[in-house]
Amino acid sequence: MNKSAQADGVPTARGAGEKDPFLVALGERVRTLRARRGLTRKALALDAGVSERHVANLESGVGNASVLFLRQLAQALNCTLAEIVGDETTSSAEWLLIREILHGRDGEALTRARQALSELFAGSERDPDRRGRIALIGLRGAGKSTLGRMLADEMHVPFVELNRVIEQLAGCPPSEIYSLYGASAYRRYELRALEAVVAEHPRAVIASPGGIVSDAATFNFLLTHCYTVWLQASPEEHMKRVVAQGDLRPMSGNAEAMDDLKRILAGRQDFYAKADMSFDTGGRALADAYLQLRGRLAVQLSSD
């Protein structure tokens, strides 16, 4: 069997009579979407410019379709690839209607919608202690630990490094959680740690791991229960501070490490920007950065 034929929807080699559950579900979704639009299999194949046999294979759960093939079907069915592949937000009529309401809205409108939904399903207004918990977010080297301790000391509240709480819960450092159990396990510990800190401390300064924005559930929880501050700096400043902390690993491949750092920052920037306020720590001496951060934070908390 040649690869192109397999990609176009010819059955893959599995045990006799055995079907992959994912492919079966994929075929059922295509069949449902086709029925919803009142299309015969032949009409769908014609509109998509594909073989009817390939559509039949796919719908019967034995076609290992290529992404291009699925895209052609999606265009013919006037739906998104997510509806075919099976994203949760396409799993019911209500989800699809909600998606349509939100489609095309700008960032400000989507923020209002998210906040309204959070309040609706929380059953009340935001956590009354939310403004008493200051959570610092941003990449490593932004100053979360140093500035966070200084803020906590002056505010006479606990300073909590979330990574330390994760380590206590797991019984091993975060690096070992990653290596032994994977990123998903680490993210579960991260959420458990954040929930524990929120339950224990109505007032605190919290230094969050840089990747806390990577999991939507955890980040939503953080935004709901903490006043978030994004500590910003340039990629070059981040790198310089990490090396100054004694971590020389980035220097072994400086150009590649810098490229990776820039990609990470670009990928997280839109999430970091959801913080209640941002503060650029770049190009400032520590004392000046702290005084300006403290002043900005006081103004924001009094006016919000």
Side-chain angles (χ1 to χ4, degrees), residues 1-105 107 110 113-114 117-118 121 178 181-188 190-191 211 213-221 263-264 266-268 270-271:
M1 181 186 301
N2 64 56
K3 291 182 179 179
S4 60
Q6 186 177 14
D8 282 338
V10 176
T12 57
R14 295 179 65 86
E18 185 182 359
K19 292 183 178 181
D20 187 295
F22 175 79
L23 293 179
V24 171
L26 181 67
E28 290 174 352
R29 281 190 294 272
V30 171
R31 191 162 53 246
T32 298
L33 287 165
R34 177 169 62 78
R36 188 182 297 163
R37 285 152 179 77
L39 292 172
T40 65
R41 186 181 293 162
K42 184 175 182 178
L44 173 59
L46 185 63
D47 286 349
V50 298
S51 164
E52 185 179 350
R53 177 173 61 88
H54 293 161
V55 177
N57 285 336
L58 180 66
E59 290 190 355
S60 63
V62 295
N64 189 4
S66 70
V67 173
L68 291 176
F69 176 66
L70 294 179
R71 187 181 70 170
Q72 287 173 273
L73 290 183
Q75 290 171 341
L77 290 166
N78 191 30
C79 68
T80 64
L81 269 175
E83 286 184 71
I84 290 179
V85 174
D87 181 83
E88 181 186 6
T89 61
T90 67
S91 60
S92 69
E94 289 298 341
W95 263 120
L96 289 169
L97 291 171
I98 291 169
R99 279 169 58 106
E100 181 59 31
I101 291 171
L102 297 177
H103 180 69
R105 304 289 180 180
L110 290 174
R114 174 178 54 79
L117 286 170
S118 295
F121 292 110
Y178 269 105
Y181 310 111
S184 295
Y186 173 79
R187 294 300 167 206
R188 289 194 295 272
E190 190 174 58
L191 178 56
V213 300
S214 302
D215 184 86
T218 305
F219 192 43
N220 266 327
F221 189 86
R263 278 192 291 268
I264 292 170
R268 294 176 180 173
D270 287 347
F271 294 92

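Taking a 6.0 Å sphere around OH of Tyr178, one finds it holds more than 12 heavy atoms contributed by other residues, nucleotides or ligands.
The two residues Leu81 and Ala74 have their closest heavy-atom pair at N-CB, 4.2 Å. Scanning both residues, Leu70 and Ile84, for their nearest heavy atoms gives O-CD1, 3.8 Å. Across Arg29 and Glu83, no two heavy atoms sit closer than the pair CD-O, 3.5 Å. The minimum heavy-atom distance between Leu58 and Phe69, with the atom names listed, is CD2-CE2, 3.8 Å.
Listed by first then second residue, pairs satisfying salt bridge (charged side-chain N to carboxylate O under 4.0 Å, His left out) with a partner in residues 66-76 number zero, not counting sequence neighbours.
Rounding to the nearest 0.5 Å gives a distance of 9.5 Å between CD of Glu100 and CG of Leu102. Distance CG/Asp47 to CG/Leu73: 10.5 Å, rounded to 0.5 Å.
Scored by the side-chain contact (heavy atoms from CB on, under 4.5 Å) test, Ala45 finds Val50, Glu52, Val55 as partners (sequence neighbours excluded).
A side-chain hydrogen bond (donor to acceptor under 3.5 Å, both in side chains) with Glu59 is found for exactly one of His54, Arg31, Arg34, namely Arg34.
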Using distance only, find each side-chain donor-acceptor pair of residues 213-221 under 3.5 Å and give its atom names and separation, not counting sequence neighbours.
from	atom 1	to	atom 2	distance (Å)
Ser214	OG	Gly211	O	2.9
Asp215	OD2	Ala217	N	3.2
Asp215	OD2	Thr218	N	2.9
Asp215	OD2	Thr218	OG1	3.0
Asn220	ND2	Ala216	O	3.4

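By the 4.5 Å heavy-atom criterion applied to side chains, Leu26 and Leu23 are counted as neighbours. The side-chain heavy atoms of Asn57 and Arg53, taken from C-beta on, include a pair separated by under 4.5 Å. Side-chain contact between Leu39 and Leu77 is present, with heavy atoms from C-beta onward closer than 4.5 Å. For the pair Glu28 and Val24, the minimum side-chain heavy-atom distance is below 4.5 Å.
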